[in-house]
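These notes are about the structure you will find just below.
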Amino acid sequence: QVQLVESGGGLVQTGDSLRLSCAASGRTFSRFAMGWFRHAPGKEREFVAAISWSGSSTYYADSVKGRFTISRDNAKNTVYLQMNSLKTKDTAVYYCAAKLDPGTGWIIRLRLPSGYDYWGPGTQVTVSS
């Protein structure tokens, strides 16, 4: 079992930056691959980014590539999502997710909500024009 809590969301303007954090507790953090998803009103939950347990591999949705950066600090049990050049279409609730002991097959499922075992409650990001 692991508990995830996101923070760092808020109201910003187009072009601004935000850094989301997701703090994990309960089990050895380095056993988890981590991901960020977002859910906008009227849309399905959407993959944003993912990172391997070591941080050596990262994955991004095309819509955020070059603007968002995922990273992790295993000593602090925290994963981050640095969001730059924010756009109004980035407005959503952002969720942190964790996959325990991902095998090599996880790379096929990392962009799917079903590829994760645990979820945080989410943090709202609103980008105004």
Review point. If you look at every heavy atom in N84 and S17, which pair is closest and at what distance?
Key: OD1-OG, 2.9 Å
**Study point:** Minimal non-hydrogen separation, W106 against G115, with atom names
**Key:** NE1-O, 3.2 Å
Check your understanding: Ignoring hydrogens and geometry, is there a side-chain-to-backbone donor-acceptor pair from N74 to W53 under 3.5 Å?
Key -> yes
**Study point:** N/O donor-acceptor pair under 3.5 Å between S129 side chain and Q13 backbone
**Key:** no
Check your understanding: Do R45 and F37 meet the cation-pi criteria used here (NZ or CZ under 6.0 Å from the six-membered ring centre, within 45° of the axis)?
Key -> no
Point to revise | Evaluation steps, side chain to side chain contact (heavy atoms under 4.5 Å, CB included), between L81 and R38 | key: CA-CA 12 Å; L81 185 68; R38 65 188 182 187; over 6 Å; no
**Study point:** Flag side-chain contact, heavy atom, 4.5 Å: C96 against W119
**Key:** no
Practice item. Specify the closest pair of heavy atoms between G8 and L18, including all atoms of both residues, with the distance to one decimal. Key: O-CD2, 3.6 Å
Review point. Is R72 positioned over the aromatic face of F32, cation under 6.0 angstrom from the ring centre and no more than 45 degrees off axis?
Key: no
Revision key, fill the gap. When every non-hydrogen atom of A92 is compared with those of A40, the smallest separation belongs to CB-N, 3.9 Å
Exercise for review: Look at the aromatic rings of Y95 and H39 and report parallel, tilted or perpendicular, splitting at 30° and 60°.
Suggested key: tilted
Practice item. Apply the test side chain to side chain contact (heavy atoms under 4.5 Å, CB included) to residues F47 and L110: give CA-CA distance (whole Å), side-chain angles for both, the deciding distance (0.1 Å), then the verdict. Key: CA-CA 8 Å; F47 169 77; L110 64 88; 3.8 Å; yes
**Study point:** M83/V125 under side chain to side chain contact (heavy atoms under 4.5 Å, CB included): CA gap, chis, key distance, verdict
**Key:** CA-CA 10 Å; M83 306 186 295; V125 172; 3.9 Å; yes
Review point. For atom CD1 of I107, is the number of surrounding heavy atoms from other residues, nucleotides or ligands below 6.0 Å larger than 12?
Key: no
Review point. Within the distance-only criterion (no hydrogens, no angle test), does the side chain of E6 pair as donor or acceptor with the backbone N or O of G122 below 3.5 angstrom?
Key: yes
Practice item. Give a yes or no answer on whether the side chain of Y60 reaches the backbone of I70 with a donor-acceptor pair at less than 3.5 Å. Key: yes
Check your understanding: Salt bridge check: are K87 and D90 linked by an N-O gap of less than 4.0 Å?
Key -> no
**Study point:** Parallel, tilted or perpendicular: rings of Y94 and F68 (30°, 60°)
**Key:** tilted
Review point. So, does T78 use its side chain to make a donor-acceptor pair with the main chain of K76 at under 3.5 Å?
Key: yes
Check your understanding: Is a side-chain N or O of T91 found less than 3.5 angstrom from the main chain of V127, in a donor-acceptor match?
Key -> yes
Point to revise | Qualifying salt bridge (charged side-chain N to carboxylate O under 4.0 Å, His left out) pairs, either residue in residues 99-116, two or more places apart | key: R31-D101, K99-D117
Point to revise | Heavy-atom closest pair, residues F29 and V79 | key: CZ-N, 4.1 Å
